Protein chains: 2
Amino acid sequence: MTGHTKSKRYHHGDLRRAILDAGEEELSERGVAGFSLRRVAARVGVSHTAPAHHFGDAAGLIDALAERGFRSLVDCMEARQERAIQTAYERLIATGQGYLDFALSEPAMFRLIFGLDQTPAEGSSLQAAALSAFMTLARAVGDLRGADPMLDPEGRIEVLACWTRAHGIADLILSGYIELPDGENAEAERDAFFRNMLAVNLSPRDV
Amino acid sequence: MTGHTKSKRYHHGDLRRAILDAGEEELSERGVAGFSLRRVAARVGVSHTAPAHHFGDAAGLIDALAERGFRSLVDCMEARQERAIQTAYERLIATGQGYLDFALSEPAMFRLIFGLDQTPAEGSSLQAAALSAFMTLARAVGDLRGADPMLDPEGRIEVLACWTRAHGIADLILSGYIELPDGENAEAERDAFFRNMLAVNLSPRDV
DNA sequence: CGTCGATCTTTCCACTGTCAAGATATTCTT
DNA sequence: AAGAATATCTTGACAGTGGAAAGATCGACG
């Protein structure tokens with residue numbers, strides 16, 4: 001007889017998920033600096049200490065949200081990969097564009113996951129989610145190289161080169177120091193800009 | 001008869017500078033998230049509302065600190081430039097290394113200036129300081145190209161390429177997702193690593 | 001010497017996260 | 001099926017935060 005109406009039950013039933021959902025909304029509306037545990041609780045219609053039982057403290061909720069964030073990041077990258085021309089090179093570019101899609105569509109979440117107070121705990125599900133995101137990129141680099149890039153120093157440098165480029169673009173856009181084209185067909189222009197940025201390089205050969 | 005002793009004068013005399021100094025210390029100790037206006041005031045030995053008259057509100061103090069931060073960033077980049085082999089290419093690499101020096105020596109400040117809630121106001125001294133930092137990098141790129149890179153789209157892309165690379169490295173290190181070598185002669189290893197990262201690239205030619 | 005404005009303090013408010021203790025519902029044991 | 005143990009959620013308190021308002025003190029300028 002568990003009524004589907006949201007009548008005032010003492011026990012929520014699915015509070016953990018509800019808090020995470022509300023937390024995501026709160027995050028995107030107020031940003032990471034303006035994030036408030038009490039507001040999230042109020043949003044769900046629950047007392048301000050209710051989240052504690054599920055997440056420990058505020059940092060615990062942040063970590064749980066970050067885990068979702070990393071998954072969303074992976075989704076964004078994979079979505080672009082699938083839409084891309086199926087060349088190793090194109091898939092790598094697409095991966096970077098997915099990274100940027102995520103940053104632009106969930107800026108606060110982007111800032112959250114890359115601004116955690118401390119690196120994810122060893123063996124935590126958060127760490128696993130972060131690693132999953134990293135592997136998505138590493139695989140794309142590996143497909144282009146034809147070998148696991150993590151096995152030799154040169155390959156690792158290449159993975160980091162791709163990552164830092166995409167990350168730098170994303171972070172500086174969110175900071176407001178890089179302006180994006182916003183003309184008529186802004187989306188196409190952005191894609192072209194991102195493609196240029198992700199591909200262009202200045203290597204010793206250029207000297 | 002202005003005694004040099006720090007006796008309890010009602011008027012501080014140089015409160016603005018004192019608050020900025022204390023703010024920098026507080027920032028480096030507690031980080032941007034744990035930054036507290038009241039603690040800064042207490043540190044100077046002044047009431048918690050005293051800063052308001054000089055900086056407006058907390059955001060005003062943050063902006064003033066950010067201005068210092070950008071100046072420090074410029075200092076770091078120029079210091080490396082001067083120590084570098086005087087080749088346009090080497091000076092550009094050095095500029096990037098200076099960027100990273102700043103991020104590593106003042107991580108909280110780095111996070112502060114690139115995580116401002118809103119982009120610096122038009123015409124503000126903060127904006128001027130930020131622009132000065134950007135120009136330091138743009139000049140280094142221009143010296144290598146032999147022309148002002150800001151005049152044509154290709155040049156702008158190159159500047160942004162250098163900037164985003166250096167920024168991505170810095171931010172991901174501070175996030176804890178990129179580990180730094182910390183062996184015996186860690187400093188030399190780091191420099192080598194940074195040099196690799198700043199120089200390595202994956203351009204369309206590589207495909 | 002007196003007035004005025006700048007500087008700093010005191011007091012209060014709404015808001016934050018966390019803790020301790022109590023209320024309620026669910027599940028487990030017998 | 002009944003009672004006990006446990007999980008879940010609420011209430012109330014606390015120290016901390018930034019900001020507003022009003023008062024105290026000082027410096028400068030007539």
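Since the structure is predicted, the reported quantities are computational estimates derived from the model, not experimental observations. Per chain, numbering begins at 1; letters A, B, ... match sequence-line order.
When rounded to the nearest whole Å, the span between CD of B:Glu26 and P of D:dG16 equals 14 Å. Computed from coordinates, the A:Ile19 CD1 to C:dG17 C1' distance equals 14 Å when rounded to whole Å. Atom NE2 in B:His54 sits roughly 9 Å away from atom C1' in C:dA6 (whole-Å rounding). Between the CG atom of B:Asp57 and the C1' atom of C:dA14 there is a distance of 17 Å, given to the nearest Å. Atom pair A:Phe55:CZ and D:dC9:P shows a separation of 11 Å (rounding to whole Å applied). Atom CG of A:Asp14 is separated from atom P of D:dT8 by 12 Å (rounded to the nearest Å).
By the 4.0 Å N-to-carboxylate-O rule, B:Asp191 lies close enough to B:Arg80 to be salt-bridged with it. For A:Asp171 and B:Arg111, the salt-bridge test fails: no basic side-chain N is under 4.0 Å from an acidic carboxylate O. Using a cutoff of 4.0 Å between basic side-chain nitrogens and carboxylate oxygens, B:Arg39 and B:Glu25 are not scored as salt-bridged. Checked for salt-bridge contact, A:Asp63 and A:Arg68 miss the test: no charged N lies under 4.0 Å from a carboxylate O.
For A:Ser47 and A:Arg38, the side-chain atoms include no donor-acceptor pair closer than 3.5 Å.
Side chain A:Arg38 to base C:dG17: a donor-acceptor pair is found below 3.5 Å. For A:Thr49 against C:dT18, no side-chain N or O and base N or O form a donor-acceptor pair under 3.5 Å.
A:Arg16 comes within contact range of no nucleotide atom at all, as no heavy-atom separation falls under 4.0 Å. Within 4.0 Å (heavy atoms only), A:Ser36 reaches sugar-phosphate atoms of the nucleic acid but no base atom.
Listed candidates were C:dT16, C:dT9, D:dT8. Nearest to the side chain of A:Arg39 is C:dT16. Counting only heavy atoms from C-beta on, A:His48 has its side chain closest to C:dC19 among C:dC19, D:dA21, C:dC8. Taking only side-chain atoms of B:Leu37, from C-beta outward, the nucleotide of D:dG18, D:dT10, C:dT16 with the closest atom is D:dG18.
Each of B:Ala58 and A:Leu15 lies near DNA chain D, and the nucleotide nearest A:Leu15 is the one positioned closer to the 5' end.
The side chain of A:His53 contributes an N or O atom lying less than 4.0 Å from OP1 or OP2 of D:dT8.
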